Number of protein chains: 2
Amino acid sequence: MSSIRDVAERARVAVSTVSAALNGTRPVAADTRRRIEQAAAELGYRPSLLARGLQSKRTRILALLYPTPRSGFGLTEMQFATGAAEAARELGYHLLLSPEHAEPVEELRHITGLGLVDGVLLMEVGLDDERTDFLLEAGVPFSMIGRTRDPGSIDYADIDFAATAAAAVAHVAGLGHRKLAFFNLSADRHAARYGPAIRAGAEFAEAARAAGIGYVDDFRPGSADEGGQAFERLVAAHPDTTALAVMDDHAAVGVIAAVAARGWRIPEDLTLLLVLSSARVAEMFHPRLTTLEPPSAELGGLGARMLIGRLEGDGPPAQRLLPCRLVVGDSSAPPRAGERTGS
Amino acid sequence: MSSIRDVAERARVAVSTVSAALNGTRPVAADTRRRIEQAAAELGYRPSLLARGLQSKRTRILALLYPTPRSGFGLTEMQFATGAAEAARELGYHLLLSPEHAEPVEELRHITGLGLVDGVLLMEVGLDDERTDFLLEAGVPFSMIGRTRDPGSIDYADIDFAATAAAAVAHVAGLGHRKLAFFNLSADRHAARYGPAIRAGAEFAEAARAAGIGYVDDFRPGSADEGGQAFERLVAAHPDTTALAVMDDHAAVGVIAAVAARGWRIPEDLTLLLVLSSARVAEMFHPRLTTLEPPSAELGGLGARMLIGRLEGDGPPAQRLLPCRLVVGDSSAPPRAGERTGS
DNA sequence: GTGAAAGCGCTAACAA
DNA sequence: TTGTTAGCGCTTTCAC
């Protein structure tokens with residue numbers, strides 16, 4: 001690799017002039033600049049990020065902290081990462097993928113202590129997240145994909161659960177349904193104070209209330225089996241339910257099986273919505289499910305942009321909510337006029 | 001951030017002694033070492049990766065080059081990334097996520113030119129991959145997840161297609177099937193000389209031949225619709241086919257629908273296998289599909305380890321093939337004794 | 001408009 | 001066993 005000295009020698013100028021010419025830090029005579037640029041091009045010169053970073057205390061590297069896949073990392077999470085990486089790249093930054101192990105705060109301390117990264121992007125943010133306390137205290141710039149209960153002036157990009165729930169409710173109400181059930185994420189996720197589980201629950205209830213349709217949300221199935229069971233209990237307790245929104249992919253699988261087992265059909269006997277699942281997953285189902293697809297890549301990109309904005313000293317905190325996109329599949333239809341048949 | 005000088009002053013020694021004590025580069029008196037360690041601890045000292053890298057020409061950062069999601073990035077690809085990040089972390093390295101845009105080689109030139117990374121991990125390697133030529137020529141250490149047609153002495157971790165195909169064939173043959181069909185990846189992927197498409201095709205043919213069972217593989221459906229159509233054509237042309245292995249998730253969806261449309265059932269009328277799909281995807285189907293799950297995280301981890309091995313100057317090239325894991329679901333069963341009913 | 005020199009935090013000769 | 005010193009490649013005063 002050729003260094004700035006090589007360029008300077010070849011262009012017969014001082015290194016400081018090369019630096020100035022290449023960065024536009026101070027005026028350089030047009031002719032000198034030309035010689036320098038040519039020399040740099042001929043040598044294939046690339047300024048060393050390390051040296052530059054050492055000097056300027058800025059590396060243009062961002063760390064994306066991600067929890068080691070628990071039950072499994074979804075497509076959604078992946079898209080946060082790729083979205084963020086993409087946005088970072090566009091702005092001349094790099095994204096470091098940092099797995100969090102047992103002790104997230106330790107991990108943070110480690111990664112920020114190295115002086116390697118300018119800022120941190122947090123994923124899977126809990127309502128109360130100890131990592132934010134640490135970062136705030138340590139004065140490390142960061143932004144969140146998701147948000148804590150009280151984000152204060154921290155930058156974040158999160159799903160607009162209110163708009164998402166409203167869209168879902170409008171969709172089913174528009175089809176003529178009068179009673180909607182909502183299967184939230186598993187009890188585990190609630191116990192972990194997982195924001196999406198809690199916010200979606202609250203917002204669906206509110207949206208149903210506002211729309212004046214019936215609403216049930218006592219279920220939190222986290223697997224196919226639990227999904228099937230929850231569905232059976234739902235039908236037993238609320239036979240007038242004609243539309244169901246499910247947050248957990250696997251639970252949806254169980255619901256579909258249970259529907260078929262009763263001799264019912266989707267969408268004739270039940271309108272089924274997948275909430276916060278990518279359309280790619282929805283396509284795996286047959287019939288193709290209507291889904292509220294989270295704008296994952298956009299959220300990741302926004303998170304990265306916000307962080308960079310902060311690093312480059314922008315203004316007020318950027319806090320953005322993006323609604324899920326309603327992708328209508330073949331699992332939604334008006335409710336059947338008469339009684340449902342089957343067992 | 002406190003620097004090595006601060007530690008040196010506090011411990012009343014020279015910086016070089018601190019460096020030596022902390023890195024074990026040269027002998028340090030036990031007592032001195034203690035003082036240094038204590039001082040470092042008290043100051044919360046973390047050596048700067050930048051400074052160290054500038055000096056040692058080694059940053060302990062690896063770049064994972066990933067293609068910008070075309071049709072869509074699967075879980076599988078994600079797991080390469082997380083597996084690699086995990087392994088890197090364990091060995092004290094960091095993983096940079098580098099999206100490749102239009103011009104992969106340009107991207108490589110850029111990322112390697114910065115002096116930021118010690119080596120590169122390549123994903124989605126084609127049979128003829130221009131990136132390897134560049135890296136070889138540039139003398140940049142790298143390893144591949146996947147492999148070119150002729151990997152020479154390049155490190156790689158790839159799927160063992162022969163073992164995978166053998167396991168699949170043994171599974172269906174063991175159930176008593178006499179004729180297996182194989183739906184390869186889409187024509188697009190073949191056109192792109194995508195290794196897995198080509199290798200899996202060849203190895204399934206070979207495994208079927210070796211096992212002495214019938215084999216058909218003229219189909220390359222890349223979507224649900226194409227999958228359904230391919231299935232219809234298959235049944236028309238080879239009505240004696242009782243087992244089917246499918247590589248594309250979406251095509252499998254179409255097959256399942258087509259099977260149902262004929263009034264057939266899985267697994268009674270058709271044994272269906274998903275090849276190279278994660279079990280997590282297989283669970284989305286009902287019945288749960290038997291799958292040959294790629295060891296994605298392991299491959300990613302291996303790729304990272306190999307690269308690190310190379311960087312730390314190990315011996316001969318590491319080239320590893322890992323078989324897919326056969327996860328038996330509810331879609332495989334012995335062939336039906338009599339005729340199949342339905343249209 | 002340009003050059004010389006200091007220094008970012010660290011490692012590695014070389015001396016002592 | 002420890003200290004002194006010279007860089008790694010760059011940016012940034014400060015002179016000229």
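Note that the structure is a prediction, hence the values are computed from the model and not measured.
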Would you please confirm or rule out a distance under 4.0 Å between OP1 or OP2 of C:dG9 and any side-chain N or O of A:K57? yes
With a 4.0 Å limit, can you tell me whether A:S19 has a side-chain N or O closer than that to the phosphate oxygens OP1/OP2 of D:dT11? yes
Closer than 3.5 angstrom, by distance alone: can the side chain of A:Q319 be matched with the main-chain N or O of A:G152 as a donor-acceptor pair? yes
What is the distance, to the nearest angstrom, from the OH atom on A:Y45 to the C1' atom on D:dT11? 10 Å
Any side-chain to backbone donor/acceptor pair from A:R310 onto A:G119? Under 3.5 Å, distance only. no
Looking at B:N23 and B:S19, would you say the former's side chain and the latter's main chain have a donor-acceptor pair under 3.5 Å? yes
Look at the side chain of B:Q55 against the base of C:dG9 and say whether a donor-acceptor pair falls under 3.5 Å; ignore hydrogens and angles. no
So, are B:E124 and B:R189 salt-bridged, with charged N and O less than 4.0 Å apart? yes
Is there a salt bridge (Lys or Arg N to Asp or Glu O under 4.0 Å) between A:E37 and A:R34? Walk through the geometry before answering. CA-CA 5 Å; A:E37 281 167 354; A:R34 231 198 13 73; over 6 Å; no
Show your working on side-chain hydrogen bond (donor to acceptor under 3.5 Å, both in side chains) between A:T148 and A:D129 and close with a plain yes or no. CA-CA 7 Å; A:T148 54; A:D129 202 306; over 6 Å; no
How many Å lie between CG on A:D6 and P on D:dG9, as a whole number? 8 Å
Let me know which of A:E312, A:E90, A:E298 forms a salt bridge (Lys or Arg N to Asp or Glu O under 4.0 Å) with A:R305. A:E90
B:E9 CD to D:dT4 P, straight-line distance once rounded to whole Å: 12 Å
5'-most contact on DNA chain C: B:T17 or B:A51, nearest heavy atom basis? B:A51
Let me know the distance between CG of A:L22 and C1' of C:dG1, rounded to the nearest Å. 17 Å
Write down the distance between CZ (B:R12) and C1' (D:dG3), rounded to a whole number of angstrom. 16 Å
Please state whether the base of C:dA4 and the side chain of A:S16 form at least one donor-acceptor pair under 3.5 Å? yes
Specify the separation, in whole Å, of atom CG of A:L50 and atom P of C:dT11. 13 Å
Quick check on contacts: within residues 26-41 of chain A, what sits under 4.0 Å from DNA chain C by heavy-atom distance? A:R26, A:P27, A:V28, A:A29, A:T32
Rounded to the nearest angstrom, tell me the gap between atom CZ in A:R60 and atom P in D:dC10. 16 Å
Counting only side-chain heavy atoms from C-beta out, which of C:dC10, D:dG3, C:dA5 sits nearest to B:A14? D:dG3
Rounded interatomic separation in angstrom, taking CG from B:L54 and P from C:dC10: 12 Å
